[in-house]
Amino acid sequence: MSRFDSYEEYDGYEEEFTRNDRQARRKRKPQARHVPKRANSEIIEAIADTAGLEAGFHTTYRPGLFEQGWLLESLRGFYDQAYITDVLALVKGGKEANVYRCEVHERLDFPLLAAKIYRPRMFRQLRNDKMYREGRAILKEDGHAAKETDHRLMRAVAKKTEFGVSVQHTSWLMHEYTTLQKLYSLGAAVPQPIASGENGILMGYCGDEGLAAPPLSEVKLQRHEVEPLFREVMRNIELMLQNGMIHGDLSAYNILYWDGKITLIDFPQVTDSRSNSNARAILERDITRVCQYFRSQGMKPNPNDILRSFWRRYVERNAEDVKADLSRMLEGNEE
Ligand SMILES: Nc1ncnc2c1ncn2[C@@H]1O[C@H](COP(=O)(O)OP(=O)(O)O)[C@@H](O)[C@H]1O
Ligand SMILES: [Mg+2]
């Protein structure tokens, strides 16, 4: 059985087990839409089998029945490779990913780590990411770009075959991971990337044992913090632009606040500022949303002015640099 078959199975479990108790007790009307292929007892047995595979990996956090299979399967690599020793809590369950607080193996010097695990649903319903994908490579599991000349792969992606969809999934995840690597090494305010797996990434955790860092959207800043933190967000946007990147989903929801400091998160849709034809609109939306939050905190930044200035300085300027370089090279050839 391929791993995608097995995820399809988990989706069955999800439908089976996420209904609340009252619903679950109610006798199900026959539905044309979803006919369970196996009796409940068989499904539960299969889950128990999956859990059996994880022998030794006992988590303090008790995952829901449906969550258990894919959670343990997704995290097992991090456990086997001695990155984490336990899953302590679910930090947040989103539509596309769950983030868990993890206990760290003693060989690593971190109090805690965050594991972001993509939900199996992703295999069937990729976020409408076409706009972001334009102008960026398909990344493979090793983080390297697939070659345009890899016709088998490119055709599978274009035709959205099962293999093609899994390639896109990996690419989505690896864009998030390699962006974290790059930004972290450049000194951006992002979680430190620790490891990537088939279905998730492991990174530095913001918060403590009891509480994960809230997003800015839930924080009322003290007056003296507002401007320095705004500048810090702008520094990060500029750093990204200097390296040809736009976050693509930046807002007070994807900026965490802890101990007076901010951390930018959630990068799978990172956009190429130079080769994506929507880049300017995407950047405009990022800047506008950030400004919206800082307006609510008493500042009056003008998103249009910032956009114009950043675009001119980091995107157009770069394009000019390339042209200038090319002219210089051509001149060299003529001599
Ligand atoms: N490194 C981290 N440390 C602590 N909490 C985190 C971390 N990364 C993500 N989270 C929490 O998990 C939530 C979802 O993560 P995010 O990367 O934004 O995925 P999604 O695509 O589901 O929005 C965040 O809003 C935040 O509350
Ligand atoms: Mg998010």
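Counting starts at 1 for both ligands and their atoms, following the listed order.
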Exercise. Just wondering, is there an N, O or S atom on Tyr253 that's nearer than 2.8 Å to the Mg ion (ligand 2)?
Worked result: no
Winner among [options] once heavy atoms are compared against [atom]:
atom	options	value
atom 2 (C) of ligand 1	Ala114, Gly93, Ala97, Pro215	Ala114
atom 13 (C) of ligand 1	Gln269, Lys92, Gln192	Lys92
atom 24 (C) of ligand 1	Val99, Leu180, Leu113, Ile265	Ile265
atom 3 (N) of ligand 1	Ala213, Ser217, Cys206	Cys206

Geometric N/O contact [X] with ligand 1, under 3.5 angstrom:
X	result
Lys116	yes
Asn254	yes
Pro191	no

Problem set entry | Intermediate values then yes/no, side chain to side chain contact (heavy atoms under 4.5 Å, CB included), Ile138 and Thr170 | CA-CA 9 Å; Ile138 292 173; Thr170 302; over 6 Å; no
Seminar exercise, completed: Between Trp258 and Pro214, the two heavy atoms sitting closest are CE3-CD, 4.2 Å
For this session: Compare every heavy atom of Leu256 with every heavy atom of Ala213, then report the nearest pair and how far apart it is.
Result: O-CD2, 3.8 Å
For this session: Starting from the Mg ion (ligand 2), look over the N/O/S atoms of Asp266 and name the nearest one.
Result: OD2
